[in-house]
Amino acid sequence: MVNRTRRALFSATIFLAACGVAGSVFGGVSAQSATDESALRDSMKSFTNVYAVVEQNYADKLDNDKIDKAIYDGAIPGMLRVLDPHSSFHDPKDFAQMREDQHGKYYGVGMQIQPQGDKIVVVAPFEGTPSYKAGIRPGDAILAIDGKTTEHMDSAAVASLLKGPRGTHVSVTMGREGTAKPLVFDLIRDEIPRYSVDIAFQIKPGIGYIHVTNFMETTSHEVQAALDKFGPINGLLIDLRGNPGGLLNEAVNVSDKFLQKGDIVVSQRGRAFPDQVYRAPSGSNVKYPIVVLVNRNTASAAEIVSGALQDHDRALIVGETTFGKGLVQTVFPIAENTGLALTTFHYYTPSGRLIQRNYDGVSLYDYYYARQGALPANNTNTEVKLTDSGRTVYGGGGITPDEKIAELKSDHLQDILLQHYAFFNFTKHYLSDHSVTKELVVDDALIQQFKDFLKSEKIEYTDKDIADNLDWVKSTIKAELFTTQFGQAEGMRIRAEWDPQISKALTFMPEALALENHTLPAQQKTQTASK
């Protein structure tokens, strides 16, 4: 009974934090009025009364697991959804994962895994990690860990067993196509970095390409390392497609590498905390043109970077209208190793755009998956602003690109092949008795072997299907083979070189150069006036 009461009171504390009525607990918010305090006490009493009725009268016994589910998965998330789509509660497991993601490292063996049928298979070992050094390959099936079978386990349970303190041993038993007996690997756990810049290379002579997956504690350092590796370049393509955001300070630090010192990156306005303006602390003197590639899943911190570079005319934004998340969450650690990500600010781009999409009366499903995008990019839009050079930009629902690039859409054959893991499994099959070099050409003979494999797996296709998708098929085969033979980075490089959206984005480099040349006089004028 005591334990259950404690959980109820803990939930009430979360309630106070989320509703913003316990501001003094989190620092700096003025005391509540007597009326507010009375309303608060009434709300707490209502909550505990409901909880007591459920506890005493529910048909089934409420054990600890069911209590956790009711509180962590029911009461608290249900309450937060009333506020906005982005305030969220993290139970102990989720909170630990969030902190791991933000730090950019964990301790384990370094492999990406996924369920495939009734097995958990390796998607790829991360380069330089214990798994990679031991010779584990994509497609290897994890049969047992420290002698414990993985049968009926999900990927989260397997990942948990693979993680552990640095320097400890873990025995992993693998099944591999073409090998009669299981392979046993004795791995020593180590620190595994999680990179937010997963690929960076010169995609054309003198043109750098950087793909940023999210914004965590190491992102700005990774971006700088990529720029240093390029050396002198004549242009840069920053790929932020699918980037869900992350840490605000890292968005500021990344923007700083391309803006003038003192340029506004983003402004925050909220109720309980003072407004804040973030500026480029150091600035940069780089003058090459920049193209930023975005899509409908570019969100939050990635939109901050896109908006800052667009508003200061520092980059040409191309692709699709971005997600439209203009709310900032502050993470409050709560008791019992849980955390509350609570919306505390709205953020605005340098020109004053609030890019948050309207979510009033919109279901969570529609908000995330069936959205209509931004308001029209014309004078009917209520969020019309100007960039530094006087270009018109629009808010009210994401960053509208300067140049649109059509969404990549798959056809029936592509869907079927991906659903059946056709390329992944063909790679396992092919490399069981072949090897490849970096001079590999996916020729007619290799395509025929792929077709024969599809027939053996009873995956339906026609020769016309393959012919209509030949470039995609060839590049995907090569990417999967390179991933296994040479590591993930080489596989991603092959995909990037084929990607039609990337190819189209590169064609806008002259427009980005013209934009850069157009803004120089305005920047010089501003600098002269400030002296």
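Heavy atoms of other residues, nucleotides or ligands lying less than 6.0 angstrom from NZ of Lys257 number more than 12. Other residues, nucleotides and ligands place more than 12 heavy atoms under 6.0 Å from the CG atom of Asp186. The environment of Glu460 atom CD is sparse: at most 12 non-hydrogen atoms of other residues, nucleotides or ligands sit within 6.0 angstrom.
Residues His429 and Asp433 share a closest heavy-atom pair of O-OD1, 4.0 Å. Residues Lys455 and Tyr461 share a closest heavy-atom pair of CE-OH, 3.2 Å. Here the closest non-hydrogen pair linking Gln310 and Arg391 is O-NH2, 3.2 Å. Minimum heavy-atom separation, Ser306 to Val292: OG-CG1, 4.0 Å. Summarising the geometry of Leu236 relative to Tyr209, their closest heavy-atom pair is CD1-N, 4.4 Å, with the distance given to 0.1 Å. Of all heavy-atom pairs between Gly319 and Pro401, the closest is O-CG, 3.4 Å.
Panel note: side chain Thr298, backbone Leu240; a donor-acceptor pair is recorded below 3.5 Å. A donor-acceptor pair under 3.5 Å is formed between the side chain of Thr129 and the backbone N or O of Gly110. Counting only distance, with no hydrogens or angles, the side chain of Glu303 and the backbone of Gly324 share a donor-acceptor pair below 3.5 Å. In terms of modelled atom types and a separation under 3.5 Å, the side chain of Gln356 and the main chain of Gly326 share a donor-acceptor contact. Here the side chain of Thr437 pairs a donor or acceptor atom with the backbone of Glu439 at under 3.5 angstrom. Between the side chain of Ser131 and the main chain of Val109, a donor-acceptor pair closer than 3.5 Å is present. Looking at Ser300, its side chain never comes within 3.5 Å of a backbone N or O of Lys325 through a donor-acceptor pair. Proximity of a side-chain donor or acceptor of Asn243 to a complementary backbone N or O of Ala302 within less than 3.5 Å is not detected.
For Arg495 and Glu480, the salt-bridge test passes: some basic side-chain N is under 4.0 Å from an acidic carboxylate O. With respect to the salt-bridge test (charged N to carboxylate O, under 4.0 angstrom), the residues Lys148 and Asp146 do not qualify. Under 4.0 Å is where a charged nitrogen must lie from a carboxylate oxygen, and between Lys119 and Asp140 no such pair does. Electrostatic pairing of Lys464 and Asp468 counts as a salt bridge here, judged by a charged N lying under 4.0 Å from a carboxylate O. Looking at Asp263 and Arg314, no side-chain N of the basic residue comes within less than 4.0 Å of a carboxylate O on the acidic one, giving no salt bridge. Using a 4.0 Å cut-off between a side-chain N of Lys or Arg and a carboxylate O of Asp or Glu, Lys385 and Asp311 do not qualify as a salt bridge.
With a 4.5 Å cut-off on side-chain heavy atoms, Arg241 and Asp499 count as touching. Taking the side chain as every heavy atom from C-beta outward, Phe215 and Leu248 never approach each other to under 4.5 Å. A 4.5 Å side-chain heavy-atom check between Leu162 and Val172 finds at least one atom pair inside the cut-off. For the pair Met174 and Leu143, the minimum side-chain heavy-atom distance is 4.5 Å or more. Between Met492 and His211 the shortest side-chain heavy-atom distance does not fall below 4.5 Å. In this structure, Glu222 and Ile210 have side chains that are not in contact, with every pair of non-hydrogen atoms separated by 4.5 Å or more. Counting only heavy atoms from C-beta outward, the side chains of Asp411 and Asp415 never approach each other to under 4.5 Å. Side-chain atoms of Pro138 and Thr427, non-hydrogen and from C-beta on, never get closer than 4.5 Å to each other.
Aromatic pair Phe126/Tyr132: centroids not less than 6.0 angstrom apart. Between Phe230 and Phe201, the gap from one ring centroid to the other reaches at least 6.0 Å.
Relative to the six-membered ring of Tyr107, Lys163 misses at least one condition, a distance below 6.0 Å or an angle of at most 45° to the axis. A cation-pi arrangement is not found for Arg353 relative to Tyr394, the charged atom failing to lie both closer than 6.0 Å to the ring centre and inside a 45° cone about the ring normal.
Shown are Thr218, Thr219, Thr213; of these, the side chain to side chain donor-acceptor pair (under 3.5 Å) with Ser196 is made only by Thr219. Each of Thr387, Asp313, Ile290 was scored for a side chain to side chain contact (heavy atoms under 4.5 Å, CB included) with Leu515, with one residue passing: Asp313. Each of Ile494, Val436, Val441, Leu446 was compared with Lys478 under the side chain to side chain contact (heavy atoms under 4.5 Å, CB included) criterion, and only Ile494 meets it. Remark: of the listed residues Leu481, Thr483, Val473, Val473 is the sole one forming a side chain to side chain contact (heavy atoms under 4.5 Å, CB included) with Phe423.
A donor-acceptor pair shorter than 3.5 Å can be found between the side chains of Gln488 and Gln112. For the 3.5 Å distance criterion, the side chains of Ser432 and Glu177 fail to qualify, holding no donor opposite an acceptor. For the residue pair Gln448 / Asp444, no side-chain donor-acceptor distance below 3.5 Å is found, with atom types taken as modelled. There is a side-chain donor-acceptor pair under 3.5 Å between Glu250 and Asn253. A donor-acceptor contact under 3.5 angstrom links the side chains of Gln414 and Asn469, judged on distance only. With 3.5 Å as the limit, one finds a donor-acceptor pair spanning the side chains of Asp228 and Gln224. In this structure, a donor-acceptor pair under 3.5 Å is present between the side chains of Arg189 and Thr168.
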Take Ser87 and Thr343 through the side-chain hydrogen bond (donor to acceptor under 3.5 Å, both in side chains) test and state the conclusion after the steps. CA-CA 5 Å; Ser87 290; Thr343 296; 3.2 Å; yes
Between Val158 and Ile145, is the side chain to side chain contact (heavy atoms under 4.5 Å, CB included) condition met? List the steps. CA-CA 8 Å; Val158 172; Ile145 301 173; 3.7 Å; yes
What's the verdict on side chain to side chain contact (heavy atoms under 4.5 Å, CB included) for Val294 and Ile317, showing C-alpha distance, side-chain angles and the deciding distance? CA-CA 7 Å; Val294 298; Ile317 310 301; 3.9 Å; yes
Could you give me the CA-CA distance, side-chain angles and deciding distance for Gln114 and Ser155, then say whether side chain to side chain contact (heavy atoms under 4.5 Å, CB included) is met? CA-CA 6 Å; Gln114 70 178 14; Ser155 54; over 6 Å; no
Apply salt bridge (charged side-chain N to carboxylate O under 4.0 Å, His left out) to Lys451 and Asp463, showing your working. CA-CA 9 Å; Lys451 289 180 178 180; Asp463 287 338; 3.3 Å; yes
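The distance from atom CD1 of Ile477 to atom CG of Leu417, rounded to the nearest 0.5 Å, is 9.0 Å.
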